[in-house]
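Okay, structure first, notes after.
Note on naming: letters A, B, ... go to the chains in the order of the sequence lines (proteins, then strands), and numbering restarts at 1 for each one. Note that the structure is a prediction, hence the values are computed from the model and not measured.
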There are 2 protein chains.
Amino acid sequence: MASTPSSLSAVQLRAYFALTEVAGLLKHAVEQQLRDVGDLSWVQFQLLARLGLDSATGSERMTDLADGVVYSRSGLTYQAGLLEKAGLVTRAPSADDDRGVTVSITGAGRDRLATVMPGHVEVIRRQLFEPLSAKDTDALADLLVPVRDHMRAAPPRSATPRRRRES
Amino acid sequence: MASTPSSLSAVQLRAYFALTEVAGLLKHAVEQQLRDVGDLSWVQFQLLARLGLDSATGSERMTDLADGVVYSRSGLTYQAGLLEKAGLVTRAPSADDDRGVTVSITGAGRDRLATVMPGHVEVIRRQLFEPLSAKDTDALADLLVPVRDHMRAAPPRSATPRRRRES
DNA sequence: TATTGTTATACTCTATAACTATA
DNA sequence: TATAGTTATAGAGTATAACAATA
């Protein structure tokens, strides 16, 4: 209930800075590996991984992808175009909704993912998990998963421009 | 001792994805606030914060800044140039080493930081810390600080191009 | 010879706004 | 009228390589 203080506690600052630094360094290391081994950017990898690993069908609609990866629509169109040109995904009109576009990972896309994964995993393990015990890893996941869900719930949604309640 | 497996455990994946998503969403939200309120990019804010909050003197050398923020030299030169043009920092030859350049935050720089901080803190609190208890926050910091130190220790240093051991 | 920092350059990424087509 | 996606465009950020100056 107490009114929110206007600065963070020392512990909060430690946690915040550590989080951003870890994420930044990790992203940097991963990007280098992805670029070297698979000629993929971080975002492109995320899109492929979502299609090839998370999705059961290997397909998703543009809007869902944009939401998932935190992206503007046009940005996603751009990246999807690159991936399509590289033969890693295809785009086709959605079956149910003629406005929609369904993106699907191709065989070549899965191959590329397979090419990249071992080194990717290796980087993550060395950089992120080496200093963490199994118990630590568990704890970390249990802390961060609720935070992610909380962030996703209160949506600074990236895609759609808000516009409502003009009186 | 066991040879490293070629994929991550389910828990590791959960932790890894949650970490990157949280960091990504957080950065996104913060960037918007910084841009709206203080006309600062994420990196520019990090540089100012490092000078104004972390450093006792308000000054640091270019190389140290580049290392701290994970940055190429030329990228830092570019950003430092922007900050200088905006009057938020100054650059002067280092006292001890004539090759070096010392960057110092100005009064205007500290003002800008002060302008931006309340909203910044608010975003962090709402997005990141709202779902975390004090104990959770403690635990998170204790988990991530060692990881950060580990990453910094095994340096995929960004700045200097490696070149050594050519036989 | 190695290091510090800048410059020139080229490229990638991202967002905004305008537009088309379908619901 | 609202939503899905694309296009055009313009700007910011980043890295690489070549360079000058100092250690």
Distance check needed: [N] [atom2] versus [X] [atom1], whole Å only.
X        : N       : atom1 : atom2 : value
Arg61(A) : dT6(D)  : CZ    : P     : 11 Å
Leu76(A) : dT6(D)  : CG    : C1'   : 11 Å
Asp67(B) : dT4(C)  : CG    : P     : 9 Å
Met62(B) : dA21(D) : CE    : C1'   : 15 Å
Leu65(B) : dG5(C)  : CG    : P     : 9 Å
Gln32(A) : dA15(D) : CD    : P     : 10 Å

Q.
Both Lys27(A) and Gly100(B) contact DNA chain C. Which one's nearest nucleotide lies toward the 5' end?
A.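 This one resolves to Gly100(B).
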Contact residues, residues 45-53 of chain A to DNA chain C [heavy atom, < 4.0 Å]
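Residues of residues 45-53 of chain A that come under 4.0 Å of DNA chain C do not exist, since none gets that close.
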If the condition is side-chain contact (heavy atoms from CB on, under 4.5 Å), which residues does Asp111(B) pass it with, not counting sequence neighbours?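 Applying side-chain contact (heavy atoms from CB on, under 4.5 Å) to Asp111(B) gives none.
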Once side-chain hydrogen bond (donor to acceptor under 3.5 Å, both in side chains) is applied, do any residues pair with [X], and if so which ones, sequence neighbours excluded?
X         : value
Glu130(B) : His150(A)
Ser104(B) : Ser59(B)
Asp138(B) : none
Ser94(A)  : Thr102(A)

If we check side-chain contact (heavy atoms from CB on, under 4.5 Å) with Leu88(B), which of these qualifies: Leu113(B), Leu40(B), Leu82(B), Ile105(B)?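 So, applying the side-chain contact (heavy atoms from CB on, under 4.5 Å) to Leu88(B) and each of Leu113(B), Leu40(B), Leu82(B), Ile105(B), only Leu40(B) qualifies.
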Contacts of type salt bridge (Lys or Arg N to Asp or Glu O under 4.0 Å), residue Asp98(A), not counting sequence neighbours =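 Testing Asp98(A) for salt bridge (Lys or Arg N to Asp or Glu O under 4.0 Å), a comparison that skips the adjacent residues, returns none.
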TODO: Could you pull out all residues at least two apart from Glu60(B) that satisfy salt bridge (Lys or Arg N to Asp or Glu O under 4.0 Å)?
DONE: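 Partners of Glu60(B) by the salt bridge (Lys or Arg N to Asp or Glu O under 4.0 Å) criterion, ordered by chain and then number, come out as Arg50(B).
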Task: ring pair (Phe, Tyr, Trp, His ring centres under 6.0 Å) contacts in which one or both residues fall within residues 31-66 of chain B, not counting sequence neighbours - done: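 Every ring pair (Phe, Tyr, Trp, His ring centres under 6.0 Å) pair that includes a residue of residues 31-66 of chain B, provided the two are not neighbours, is Phe45(B)-His120(B).
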Between Val101(A) and Val43(B), just flag the one whose closest nucleotide in DNA chain D comes earlier from the 5' side.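 Result of the comparison: Val101(A).
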Q.
Tell me whether Asp67(A) is salt-bridged to Arg152(A), with the criterion being a basic N under 4.0 Å from an acidic carboxylate O.
A.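 No salt bridge links Asp67(A) with Arg152(A).
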List, with names and distances, any nitrogen or oxygen atoms from the protein found under 3.5 Å away from nitrogen or oxygen atoms belonging to nucleotides 7-12 of chain D.
none

Contacts under 3.5 Å, N or O only, protein and nucleotides 19-23 of chain C:
residue	atom	partner	partner atom	Å
dA23(C)	OP1	Asp98(A)	N	3.2
dA23(C)	O4'	Arg99(A)	NH1	3.3

**For Phe17(B), ring pair (Phe, Tyr, Trp, His ring centres under 6.0 Å) partners two or more places apart** =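 Partners of Phe17(B) under the ring pair (Phe, Tyr, Trp, His ring centres under 6.0 Å) test: none.
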